[in-house]
Amino acid sequence: MKTINGAKMKQMIISGTNNLYNHYPEIDALNVFPVPDGDTGTNMNLTMASGAKEVQNRNDDDVYSIAKAFSRGLLMGARGNSGVILSQIFRGFAQALDGKVTINVQELSDAFMNGKDVAYKAVMRPVEGTILTVIREAATALHDNIASISSIEKAFELLIEEAHASLERTPELLPVLKQVGVVDSGAAGLIKILEGFQAALKGKMIEKETASAFEDDKPEMAGASVAADEFGYCTEFIMRLAKKEDESKKSFTESRFSNWLSAHGNSLVVVRDEDLVKVHVHTLKPGEILSFAQQFGEFVKIKIENMTEQHTKLTEEKAGNVPVEQKEYAIIAVAVGDGIENMFKELRADYIVSGGQTMNPATEDFVKVIKESNAKNVYILPNNSNIILAASQAADVCEGVNVKVIPSKSIPQGLVACMMFNPEASSDDNFAEMSEALGNVVTGQVTFAIKDTNIDGVDIKKDQFMGMKNNKEIICCHEDKFVAAKELIESMLDEMSSIVTIIYGEDVNDEEANKFAEDLMKEHEDLDVDLKKGNQPVYSFIVGVE
């Protein structure tokens, strides 16, 4: 591979995030210097998860847009020193890609070098023998040998090889590591991320493994003083740290700062970006939090919300005791299968109407959800040609609500349209953008035949699997669903195709689906294959090609 585009970068990020997730308990077990808190893996995992969340629903072609969104997610979700440093590495990485659609080996090297530089600058007193050392030595090795490297894959081989060698040297640089017989945990976590990147480059996306006994995506903070049923105040602020010459303020040390806050609240997130510190914490006494923080600088922004009051109001609203304010927008999507439903929810869909082929919702079903949404503007994604009319009829009978039906005829079309929704745009602009997006995806489906027949020269046998393109063109019919899916996808591809999304149904197990996707990627090395578990009935596969 000579270059990386936005779609490939997205795959790398998700694969790297999943690889870290699969290993973060063992990263925790390494402990970390200088504070032996044992949660480095957890902090890095939560940080990466925040970054990946920012890109998982994006389909940008340019690598900079993906890297920038990833960087922003990391910054806002950073936890602990390891998470902050990680966010700074990829902040610098993203900065170096400004304006680039694709990057080659040289530009990749430059990005890692800049990531190293930004990370070092972000730490007031860099400590060698840590994640900083490993990113510096690995990036430098790549930079120094770039002339002899011909592909992105070779670049990552060298980068990871040097990272491992550097990791093994960390105990020699940091005596405490040698004393306890471990390597630096933050650096070990970084390598897991890079190895996940590498796997995606080779077409072997790493998936998140089943949760282990260690799994806890939202761990309790040590010393937290807010019980689960006390709610308290959600306190958020951005503070500009005082300059060294300002003798009226105390010197800022992030570990001590975070430790004090964690002892006076929970759900703590502390993110530092040069001279700015962003804090989120739940506490019973926000005044104490602010007074403590102000010793180190001055506030740029403060927001405090009474979670107890919010909980009480929500309870009363649900009971019908107070009027509920009408919201601006709501998206209603038709789907079946918990995996597909979750895909739409992740893309801002507020309501899911259960239905699809063989299960067409009635007009009344839509009317009920439109009223329940209590929104001024409602968008409906029917996702099936047989449901568009019922949705349109519901729009006609709902007075006082601006209901627009996006004429999506398939799940892939609905997902692409949902991605285009912009809460800041006008109702008409959203309708235009979402409707236009429908033409950017070719849809394919594999399902079983219910009778023997012949359509357009294709012999169809009952209970065999048909491959259909764009809901009406039957491409093939085979006894084997995977053979049908393969022939269908081949018919959908052209020289402009770059991304294939495969949503597999309840009759396909994970192992079969993964093997099918891997085989497809081997045959089409330039194709990005996004495999998703839909758990839908009726259709063994739903395919979208962009």
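Residues Asp528 and Lys10 are not paired through a salt bridge, judged by the lack of any N-O separation under 4.0 Å between the basic side chain and the carboxylate. Salt-bridge check for Asp338 with Lys533: failed, with every basic side-chain N at 4.0 Å or more from each acidic carboxylate O. Residues Glu490 and Lys486 are paired through a salt bridge, judged by an N-O separation under 4.0 Å between the basic side chain and the carboxylate.
A 6.0 Å sphere centred on NZ of Lys53 holds no more than 12 heavy atoms belonging to other residues, nucleotides or ligands.
Between the Lys116 side chain and the Ala139 main chain, no donor and acceptor come within less than 3.5 Å of each other.
Counting only N and O atoms by type, the side chains of Asn5 and Thr102 include no donor and acceptor under 3.5 Å apart. No side-chain donor-acceptor contact under 3.5 Å links His23 and Glu209. Side-chain contact check for Gln106 and Asp110: at least one donor-acceptor pair (N or O, by modelled atom type) lies under 3.5 Å. For Asp494 and Ser497, the side-chain atoms include at least one donor-acceptor pair closer than 3.5 Å.
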(request) Would you check, one step at a time, whether the test side chain to side chain contact (heavy atoms under 4.5 Å, CB included) holds for Asp510 with Tyr504? (result) CA-CA 9 Å; Asp510 296 347; Tyr504 60 99; 2.8 Å; yes

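A heavy-atom distance below 4.5 Å is not found between the side chains of Asp459 and Cys477.
Ser435 pairs in a side chain to side chain contact (heavy atoms under 4.5 Å, CB included) with only one of the listed residues (Val405, Asn430, Ile406), which is Ile406. For the side chain to side chain contact (heavy atoms under 4.5 Å, CB included) with Leu97, the lone residue among Ile103, Leu108, Ile66 that qualifies is Ile103.
Note that CE of Met205 and CG of Asp530 are 7.0 Å apart. Values are rounded to the nearest 0.5 Å.
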